[in-house]
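See below for the structure under consideration.
Protein chains get the first letters and strands the later ones, always in sequence-line order, with residue 1 at the start of each.
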Protein chains: 2
Amino acid sequence: MRGAERPYRLDDQVGYILRLASQRHATLFLARLGSDLTPTQFAAMVRLAEMGQCSQNELGRQTAMDVATVKGVVDRLRAKGLVTQNADPGDKRRSLLSLSQKGKAMIADLHARGHAVTADTLEPLDPAEQETLLALLRRLV
Amino acid sequence: MRGAERPYRLDDQVGYILRLASQRHATLFLARLGSDLTPTQFAAMVRLAEMGQCSQNELGRQTAMDVATVKGVVDRLRAKGLVTQNADPGDKRRSLLSLSQKGKAMIADLHARGHAVTADTLEPLDPAEQETLLALLRRLV
DNA sequence: GCCGCATTATTCGTATACAAACGAAAAACG
DNA sequence: CGTTTTTCGTTTGTATACGAATAATGCGGC
């Protein structure tokens, strides 16, 4: 005898629900930072502020971006004058990235708005549930 | 006096963790279905199997895809011979989509592999934790 | 029966995202 | 020291994803 096959319902699959949750977060992010930065650009800026200075590939690793993806992101941040690029004296392959003055001046506000987006996204849950969700999600990664 | 400002740590933000979790799911999906379908194409196929027949916009709504996105997805599924398109006799604007024979023949296997991807993704959690995660995630959407 | 509004599908532009391949430079190692 | 292996940055191609605009059609109200 075989066990009863569980039906496949798209709405019950983690992958699908993760996509929906990411979409909603993107919408809320857009409402607060849309005119300035995309979520990915935001992550790169915040990480660069944390790290101070690093290579492009290193920034990609620290923000979970592909080398090809991070190139485009950095290019656009440089075009906006938020990130500067300098040659690495000790390694001719790499260039060192850092926030420009304009970029640094923006960080405190980005943090504030970033917190707001997180609060917006988690708003349907009470604080204990929010902690539970984050703890479980982290274990998936 | 002001309350202590909570520092902004990228690794603690839902949006960022959601992106990481989605990335890991995409990797696991690729391992099981990469040569056949993308996650989005997969969702469209499964949904179309559930709905039987519908317009392109309707399929987009039921799979949380933009009208522009769903067009590309359907185009590629039609190119693979998995989806067929017919004119709607009662509405000249829309065309009715449905799975081809080849597409229908694939569904049972897609369901099986879809279940496997979900299991792979949730593997770090025990069954009770998996239920908790899904319940909380659903409330975010 | 006509007119304004909504819906369908398409198209354009921009921004991730990743695989794959490439040349240049650095590191590892015998 | 020289070779093998990594690493860095870039480029190409494909596939989401969404805003915005458009043309064609459908529909409700008067």
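- Closest non-hydrogen pair, B:T40 versus B:M65, comes out as CG2-CE, 3.2 Å.
- A straight line from NZ of A:K92 to C1' of C:dA27 spans 15 Å, rounded to a whole angstrom.
- Atom CE in A:M45 sits roughly 18 Å away from atom C1' in C:dT16 (whole-Å rounding).
- When heavy atoms are screened at a 4.0 angstrom cut-off, A:T40 is found touching the sugar-phosphate backbone but no base atom.
- Closest heavy-atom contact between A:R138 and B:D11: NH1-O, 3.2 Å.
- The interatomic distance linking A:L20 (CG) with D:dT16 (P) rounds to 16 Å, in whole Å.
- For D:dT16, one of the phosphate oxygens OP1 or OP2 lies less than 4.0 angstrom from a side-chain nitrogen or oxygen of B:T38.
- Across all non-hydrogen atoms, the minimal contact from B:R94 to B:S55 is CD-CB, 3.7 Å.
- Rounded to an integer number of Å, the gap from CG of A:L30 to P of D:dA17 is 16 Å.
- Ranked by how close their nearest DNA chain D nucleotide is to the 5' end, A:S55 and A:Q23 are led by A:S55.
- Here the P atom of nucleotide D:dC27 and the CG atom of B:D88 are 10 Å apart, to the nearest Å.
- In the set C:dA15, C:dA9, D:dT16, D:dT16 carries the atom at the smallest distance from any side-chain atom of B:R76.
- Computed from coordinates, the A:R19 CZ to D:dA17 P distance equals 5 Å when rounded to whole Å.
- Rounding to whole angstrom units, CG of residue A:N57 and C1' of C:dC22 are separated by 14 Å.
- OP1 or OP2 of C:dT16 sits under 4.0 Å from a side-chain N or O of A:Q41.
- The distance from atom CG of B:D66 to atom C1' of C:dA9 is 12 Å, rounded to the nearest whole Å.
- Note: the hydrophobic cluster containing A:M51 does not contain A:L96 (ILVMFWY, side chain heavy atoms under 4.5 Å, direct or indirect links).
- Each of B:R61 and B:A68 lies near DNA chain C, and the nucleotide nearest B:R61 is the one positioned closer to the 5' end.
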